[in-house]
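Notes to accompany the following structure.
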Amino acid sequence: MKPAPFAYHAPDTLEEALELLARGDDTRVLAGGQSLVPLMKFRVEKPAVLVDVNRIPGLDTVAEQGGELRIGALTRQQRLVDDELAAAAQPLLRAAGRHAGYRATRHRGTVGGSLAYAAPWAELTAAVVALDARLHVCSTRGDRTIEARAFFRGPHETALEADELLTEIAVPARAPRSGVGFHEVTTGHGGYLHVAAAAAVTVDDAGCCTDAELVLLRVGPTPHRVAVAAPLHGTELGTDALEAVDELVAAVEPEGDFEVSGTYRRRVARSLARRALLDAHASARAAA
Amino acid sequence: MTELRQVELEVNGVRRTGLVEARVTLADFLRDELDLKGTHVACEHGFCGNCNVLLDGETVRSCLLFAVQAAGHSLTTVEGLADPTGSLGRLQQAFHGNGGLQCGFCTPAMLLTAHEYLETHPDGGTDEEIREAINGVLCRCTGYQHIVASIRAAAGAPG
């Protein structure tokens with residue numbers, strides 16, 4: 001199908017864009033359009049007004065500043081995946097982002113768009129939650145910062161207000177002696193994921209875990225953080241430690257859909273959690 | 001709500017203009033306004049990749065981009081891959097010679113996607129890399145085997 005008609009604005013400045021969003025008459029932001037446009041074609045989305053932010057300069061820079069990686073919301077996903085500075089500063093972004101869609105959709109799809117759309121299968125949502133990123137949003141009412149861990153409210157639901165624009169994602173740079181891992185299961189290469197696990201592990205001089213994060217996708221309505229730091233602390237991710245993680249993961253209650261059952265998701269989540277954590281631990285030790 | 005907008009862009013090295021509604025996709029603009037029927041439209045929702053074109057040298061889904069968004073940009077469609085004389089380019093010849101197509105529907109997108117891939121992998125890379133590069137374009141005939149062989153052949157061909 002073709003999209004329903006809409007009024008189209010392509011402002012050149014952030015201020016103009018925020019003014020347009022503040023008018024509040026059934027307006028949507030058009031960034032990469034890789035999620036929004038298909039929904040408009042299905043006529044699930046019929047916004048009266050589209051504010052195309054692609055011509056606003058300065059929203060697509062990637063820079064390291066004050067111990068954080070600052071990613072402009074309009075940064076294309078493929079650019080983030082290819083960016084050596086970003087990969088060095090925080091390797092989980094590349095590890096997760098390379099699985100997002102296809103190259104042709106990553107060329108257009110933006111980092112901010114993926115987070116604001118908050119699809120349950122969006123790899124980058126797991127990364128920003130695992131990394132405790134902060135999301136900077138603007139509106140004519142003022143700017144504010146939202147913790148990634150408080151941003152996702154449900155499938156396609158976030159803490160963003162209708163008149164707000166996500167402008168920047170600030171990700172803490174990786175700690176010394178840290179590593180990451182990301183694994184997912186999909187029906188086909190590049191397809192929507194059924195389950196994913198993102199992990200980050202920090203070790204001490206002896207290679208024992210001092211901190212760990214694990215985030216699972218599609219075991220609940222939002223990126224699901226599993227509290228693995230305590231059971232893994234001081235361990236080398238041996239059998240006992242991993243069995244403790246298994247127990248935590250077994251507590252999730254994923255829903256099934258027409259492709260896979262909830263039981264399948266829980267079983268796969270256990271394997272992927274182990275693999276992601278073991279990869280993270282191995283790369284942390286290699287970095288030590 | 002039928003406000004028409006002027007779209008001016010470069011397509012295959014030639015400046016083109018058209019007058020369209022904002023809701024018209026780049027794929028429909030190419031086919032219906034510019035009469036460039038080489039860009040094929042199948043699922044129209046971004047899944048199949050058959051409408052891939054090169055926007056400033058990078059593959060994009062032309063069904064997920066509005067034509068107004070492409071204003072001021074440079075596009076390459078499959079029509080731009082042939083030699084200036086109109087004869088088949090090397091990559092096209094490789095598809096022809098290696099059975100890289102059956103019905104031909106996905107071929108324009110496959111060619112453009114392969115073209116982009118070979119820009120960064122002039123030696124052809126590995127089969128796994130080729131398969132990953134083309135995984136965003138669905139082909140329902142070939143089973144991909146001959147497409148991979150065609151891309152490998154294009155990389156290995158002399159000159």
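Each chain gets a letter, A, B and so on, in the order the sequences are listed, and its residues count up from 1. Atoms considered below: every heavy atom in the structure, side chains included; atoms not considered: hydrogens, waters and symmetry mates. None of the values given here were measured: they were computed from a predicted structure.
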State whether the number of non-hydrogen atoms from other residues, nucleotides or ligands found under 6.0 Å of [X] atom [atom1] is greater than 12.
| X | atom1 | result |
| --- | --- | --- |
| Glu128(B) | CD | no |
| Gln145(B) | CD | no |
| Lys37(B) | NZ | yes |
| Glu259(A) | CD | yes |
| His73(B) | NE2 | yes |

Please classify the contact of [X] with chain A as side chain, backbone, both or neither, using a heavy-atom distance under 4.5 Å.
| X | answer |
| --- | --- |
| Ala27(B) | neither |
| Arg5(B) | side chain |
| Val68(B) | both |

Candidate pair Glu58(B) and Arg108(A), rule salt bridge (Lys or Arg N to Asp or Glu O under 4.0 Å), full reasoning:
CA-CA 9 Å; Glu58(B) 294 183 334; Arg108(A) 198 67 203 160; over 6 Å; no
Could you walk me through whether Tyr102(A) and Val137(B) pass side chain to side chain contact (heavy atoms under 4.5 Å, CB included), step by step?
CA-CA 9 Å; Tyr102(A) 308 98; Val137(B) 185; over 6 Å; no
Considering all heavy atoms of both residues, which atom of [X] and which atom of [Y] are nearest to each other, and what is their separation?
| X | Y | result |
| --- | --- | --- |
| Val60(B) | His107(A) | CG1-CB, 4.3 Å |
| Phe6(A) | Ala22(B) | CZ-O, 3.5 Å |
| Ala71(B) | Arg55(A) | O-NH2, 3.1 Å |
| Thr105(A) | Gly46(B) | CG2-O, 4.4 Å |

Does Thr113(B) offer a backbone N or O that forms a donor-acceptor pair with the side chain of Arg103(A) under 3.5 Å?
no
Nearest 0.5 angstrom please: [X] [atom1] to [Y] [atom2], how far?
| X | Y | atom1 | atom2 | value |
| --- | --- | --- | --- | --- |
| Lys41(A) | Thr25(B) | NZ | OG1 | 4.5 Å |
| Leu65(B) | Gln34(A) | CG | CD | 8.0 Å |
| Gln69(B) | Asp52(A) | CD | CG | 4.5 Å |
| Phe66(B) | Leu30(A) | CZ | CG | 6.5 Å |

Heavy-atom contact with chain B under 4.5 Å, split by part of [X]:
| X | value |
| --- | --- |
| Leu50(A) | side chain |
| Arg106(A) | neither |
| Met40(A) | side chain |
| Arg98(A) | side chain |

Classify the ring geometry of Phe47(B) against Tyr192(A): parallel below 30°, tilted from 30° to 60°, perpendicular beyond 60°.
perpendicular
In terms of heavy-atom pairs under 4.5 Å with chain A, which of Cys43(B), Gly49(B), Gly72(B), Cys63(B) leads?
Cys63(B)
Tell me, do Arg61(B) and Val37(A) make a side-chain contact under 4.5 Å, heavy atoms counted?
no
Is any side-chain heavy atom of Phe42(A) less than 4.5 Å from a side-chain heavy atom of Glu44(B)?
no
